[in-house]
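These numbers were taken from a predicted model, which means no experiment stands behind them. Index from 1, following the sequence.
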Amino acid sequence: MTVTEEVAGPPSTSEIDATSARTIFTTWLDSFTTALLRRNADELTDVLTPNAWWRDMVALDWQMSSHHGQADITNFVFSSPQAITEITLDDTVSPSHTTPEPGTSWIEGFFDFRAASVRGRGHARLVEVSDGSWRAWTVLTEGAELDNRPLAVRHRRPRPSGHATETPWHHKRADSTSFERTDPEVLIVGGAQNGLGLATTLGLMGVDVLVVEKSERVGDVWRDRYESLVLHAPVYSDHLPHFPFPDSWPVYTPARKFANWLENYAESMELNVWNGTEVVSADYDRDSAVWTVVTRSDTGERTLKPRHLVVATGTSSVPFVPGIPGREEFSGTVIHSSEHRTGQGWQDRNVVIIGAGTSAHDVAEDFHHGGAHVTMVQRGPTYVLSRDRGNKILFESAYSEDSLPLDYADLQSDSIPWPLLLQMAEAQTAAIADGDRDLLDGLEAAGFSLCMGDRRTGEKAGLMSFGCRPGGPGGYYVDVGASQLIVDGKVAVKSGVGLERFTPDGVVLSDGTELAADLVVLSTGFLDMRESSRKFLGDAVVDCTDAFYGIDETRNERGLIFQPSGFPHLWYAGGGVIEVRRYGKFLALQIAAELDGLVK
């Protein structure tokens, strides 16, 4: 289904200048405002298309949810606890007319609003319908700040007096980090981008936060991975909250450079981080609504009593290592892909990689350039897209050198709910595949099995479908060089088979094929965050939580992350770097609202 068909109205094909676009949008906004302030369902219906979407991100309701169709939208808007009381046009970025595809015409604009206890920002995407009027196809309402907890930025930034009687800054920081004074209000388990980004936003809201991280240094989760690792998303979309990269930063960030940036981020944003510390146990008392968390470090055990606990250990934190018969007989080396550091030192030796996702490809390329004979074992099909072509279509339409300011680009991206994003992704996926046709044909000719999306979330929706699949992201490869090695026969592929057992000199596959191996790399993925948290939360708690990822049919959002987990005062934060900034702030709002008793 195309965007035009979804709108179900004849699109305008005429050119609309900036003045006309502004007039159309402000006229619509006036009617929209009147409907909301009067709480009139009929008037609200009149400014929406029949197939409209409304995505609310912790503004009207204390969660993230998306609503489809006029009846569902009006019911949500007028039954939510946070009624909108004021709307004004945000003219910093003027309303604009765009033609996203031939025959489709949109007018987009931004607005500010206030609800009962939230200051928010919004976006609307208008289309022309059969009677010539413009109605909203998508509406976004997004919480930005709690009225009683404005972010301590810009005009509200700290102003040390400099008086001799004032406690010096470094003494204040040492006291803050020690938590000898009191327990933190929020304890975050995991000190990579998700934990640090959330801690930053909560801290700017005045929430007392401690991050515990098992690694010895902030950033080790990236620093200790294989040497050739580079982030696949462009810098334009990967800025961390409240701390953008400098203008000279490379388009694609080397992992070790990003590790150092995280360390710099934690220091610059004055985050309270205990490194070399892991959580031993966490128990929740429903009567007092307080956690009892035991941590362990080289200095011993420490018991903390936070009100909220956040698991931010990453979607790739605990390797999944399947039990394979005969491993103890194998004379070579077996590692999980998470243990790989370099492909050097394996000249003319046989390396077999089990798996065909991102890590498997990166590892295969690394070992090939180290001079090894590499074979990749692919059980099922993989989605492949070229990095530059794919990112240009998927990311750089919203995030690029010349895109809208970052906070507006985020609003524009947030305005597309997941079900609609998956639908729209089909055309993008087809366009990427058309440009990648020679590469894809070459892969298939080499025996590599391809797909166009995850069958559970969108068989033709490409990368977006794998970004929300049940259990967490995976099953794809953004090509940075390994695919051409497969096409050229420099990396061999055995497709449609799995690892059956080890032999003393290699492996046997499920079709009976025997491969000689000096090294076997298990690129078999990771346990999801929910499963990896069982070791300190226990089964009884984790079994109460929602499924990880997938699209929740009630809220039309991904399961578990950045929203209520299903267990009181327990939260999960995870995902790619872009999601730290776009979604972490909504989790911070929810936690702060619960601390302040705003959530009933």
- Task: Please answer whether the main-chain N or O of D410 pairs with a side-chain N or O of S413 as donor and acceptor at a distance below 3.5 Å.
- Result: no

- Query: Of all heavy-atom pairs between S523 and S359, which one has the smallest distance, and what is that distance?
  - Reply: OG-C, 4.1 Å

- Message: side-chain contact (heavy atoms from CB on, under 4.5 Å) for W571 and Q590? Distances and angles first, verdict last.
- Response: CA-CA 10 Å; W571 312 84; Q590 292 171 88; 3.7 Å; yes

- Knowing that exactly one of V209, L587, V580 qualifies, which makes a side-chain contact (heavy atoms from CB on, under 4.5 Å) with L198? L587

- Might you work through the side-chain contact (heavy atoms from CB on, under 4.5 Å) test for T177 and V273, ending with a clear yes or no? CA-CA 7 Å; T177 302; V273 182; over 6 Å; no

- Message: side chain to side chain donor-acceptor pair (under 3.5 Å), that's the test. Do D414 and Y583 meet it? Break it down for me.
- Response: CA-CA 9 Å; D414 291 346; Y583 289 95; 4.9 Å; no

- Query: Any donor-acceptor pair under 3.5 Å linking the side chain of N194 with the backbone of G575?
  - Reply: yes

- Task: Spell out, as yes or no, whether a donor-acceptor pair under 3.5 Å connects the side chain of E185 to the backbone of D208.
- Result: yes

- After noting the C-alpha distance and the side-chain angles of V507 and V520, does the key distance pass the side-chain contact (heavy atoms from CB on, under 4.5 Å) rule? CA-CA 8 Å; V507 297; V520 176; 3.8 Å; yes

- Item | Side chain H373, main chain H368, donor-acceptor under 3.5 Å | no

- Taking S532 as the fixed residue, which of T313, V542, V311 is the one that meets the side-chain contact (heavy atoms from CB on, under 4.5 Å) rule? T313

- L196 backbone acceptor or donor facing T200 side chain under 3.5 Å: yes

- Query: When rounded to the nearest 0.5 angstrom, what distance separates CG in D224 from OG in S215?
  - Reply: 6.5 Å

- Is there a donor-acceptor pair under 3.5 Å between the side chain of S565 and the backbone N or O of L570? yes

- Query: Taking all atoms of both residues into account, what is the closest heavy-atom pair of R501 and I324, and its distance?
  - Reply: CA-CG2, 3.8 Å

- Would you confirm whether S510, through its side chain, and G498, through its main-chain N or O, come within 3.5 Å as a donor-acceptor pair? yes

- Task: Rounded to the nearest 0.5 Å, what's the gap from CD1 on I432 to CZ on R437? Could you check?
- Result: 12.0 Å

- Pair listing, salt bridge (Lys or Arg N to Asp or Glu O under 4.0 Å) test, anchored in residues 371-396, at least two apart: R389-D436

- Item | Residue of the set V377, N350, V508 for which side-chain contact (heavy atoms from CB on, under 4.5 Å) holds with L515 | V377

- Ignoring hydrogens and angles, tell me if any N or O in the side chain of R558 forms a donor-acceptor pair with the backbone of D552 under 3.5 Å. no

- Query: Is the shortest heavy-atom distance from the side chain of L519 to the side chain of I335 under 4.5 Å?
  - Reply: yes

Expected list for residues 470-486: side-chain donor-acceptor pairs under 3.5 angstrom, two or more places apart:
| from | atom 1 | to | atom 2 | distance (Å) |
| --- | --- | --- | --- | --- |
| Y477 | OH | D479 | OD1 | 3.4 |
| Y477 | OH | V480 | N | 3.1 |
| Y477 | OH | A482 | N | 3.2 |
| D479 | OD1 | G481 | N | 2.9 |
| D479 | OD1 | A482 | N | 3.4 |
| D479 | OD1 | S483 | N | 3.1 |
| D479 | OD1 | S483 | OG | 3.4 |
| Q484 | NE2 | D488 | OD1 | 3.0 |

- Task: Please report the shortest heavy-atom distance between A433 and M452, naming the atom on each side.
- Result: CB-CE, 3.9 Å

- Item | Chi angles and distances behind the side-chain contact (heavy atoms from CB on, under 4.5 Å) call for R217, R223 | CA-CA 9 Å; R217 289 174 61 189; R223 191 176 290 111; 3.4 Å; yes

- Item | 4.5 Å side-chain heavy-atom contact, V280 and V293 | no

- Message: Apply salt bridge (charged side-chain N to carboxylate O under 4.0 Å, His left out) to residues D220 and R225 and explain how you reach the verdict.
- Response: CA-CA 8 Å; D220 276 352; R225 298 179 71 182; over 6 Å; no

- Heavy-atom neighbours of D298 CG exceed 12 at 6.0 Å: no

- Query: Can we call the ring centroids of F243 and Y265 under 6.0 Å apart?
  - Reply: yes

- Worked verdict on D283 versus T292 for side chain to side chain donor-acceptor pair (under 3.5 Å): CA-CA 5 Å; D283 298 294; T292 298; over 6 Å; no

- Message: Show every salt bridge (Lys or Arg N to Asp or Glu O under 4.0 Å) that has at least one partner inside residues 503-524, sequence neighbours left out.
- Response: K494-D511

- Message: Counting only heavy atoms from other residues, nucleotides and ligands, does the tally under 6.0 Å from CZ of R296 exceed 12?
- Response: no

- Can T295 and R302 be counted as having a side-chain donor-acceptor contact under 3.5 angstrom? no

- Query: Is the closest side-chain donor-acceptor distance between Q344 and T342 under 3.5 Å?
  - Reply: no

- Message: On a heavy-atom basis, which atom in L440 and which in V384 lie closest, and how many Å separate them?
- Response: CD2-O, 3.7 Å

- Task: Check whether any side-chain N or O of S465 sits under 3.5 Å from a backbone N or O of G462 as a donor-acceptor pair, and report yes or no.
- Result: yes

- Does a side-chain N-to-carboxylate-O contact under 4.0 Å join D183 and K305? no

- Residue pairs meeting salt bridge (Lys or Arg N to Asp or Glu O under 4.0 Å), one or both in residues 455-477, sequence neighbours left out, come to D454-R456

- Minimum-distance pair of heavy atoms, taken over all atoms of G355 and M376: O-CG, 3.1 Å

- Note on the structure: The residue among F448, F367, Y226 that forms ring-ring contact (aromatic ring centres under 6.0 Å, His included) with H361 is F448

- E339 atom CD: more than 12 heavy-atom contacts under 6.0 Å: yes

- Would you call the rings of Y284 and W291 parallel, tilted or perpendicular, where under 30° means parallel and over 60° means perpendicular? tilted

- If you measure from NE2 on H232 to CG on L385, what distance do you get to the nearest 0.5 Å? 10.0 Å

- Query: Using a distance-only test with no angle check, is there a side-chain donor-acceptor pair under 3.5 angstrom linking T457 and Y549?
  - Reply: no

- Message: Suppose we screen for ring pair (Phe, Tyr, Trp, His ring centres under 6.0 Å). Which residues come up paired with F258, at least two apart in sequence or across chains?
- Response: W222

- So, are R534 and D543 salt-bridged, with charged N and O less than 4.0 Å apart? yes

- Ring centers of Y399, Y236 separated by less than 6.0 Å: no

- Message: Does E553 have more than 12 heavy atoms from other residues, nucleotides or ligands lying within 6.0 Å of its CD?
- Response: no

- Would you mind listing every salt bridge (Lys or Arg N to Asp or Glu O under 4.0 Å) that reaches into residues 566-578, with sequence neighbours excluded? none

- Item | Donor-acceptor contact present, side-chain T524 to main-chain F320, <3.5 Å | yes

- Taking all atoms of both residues into account, what is the closest heavy-atom pair of S495 and G447, and its distance? CB-O, 3.1 Å

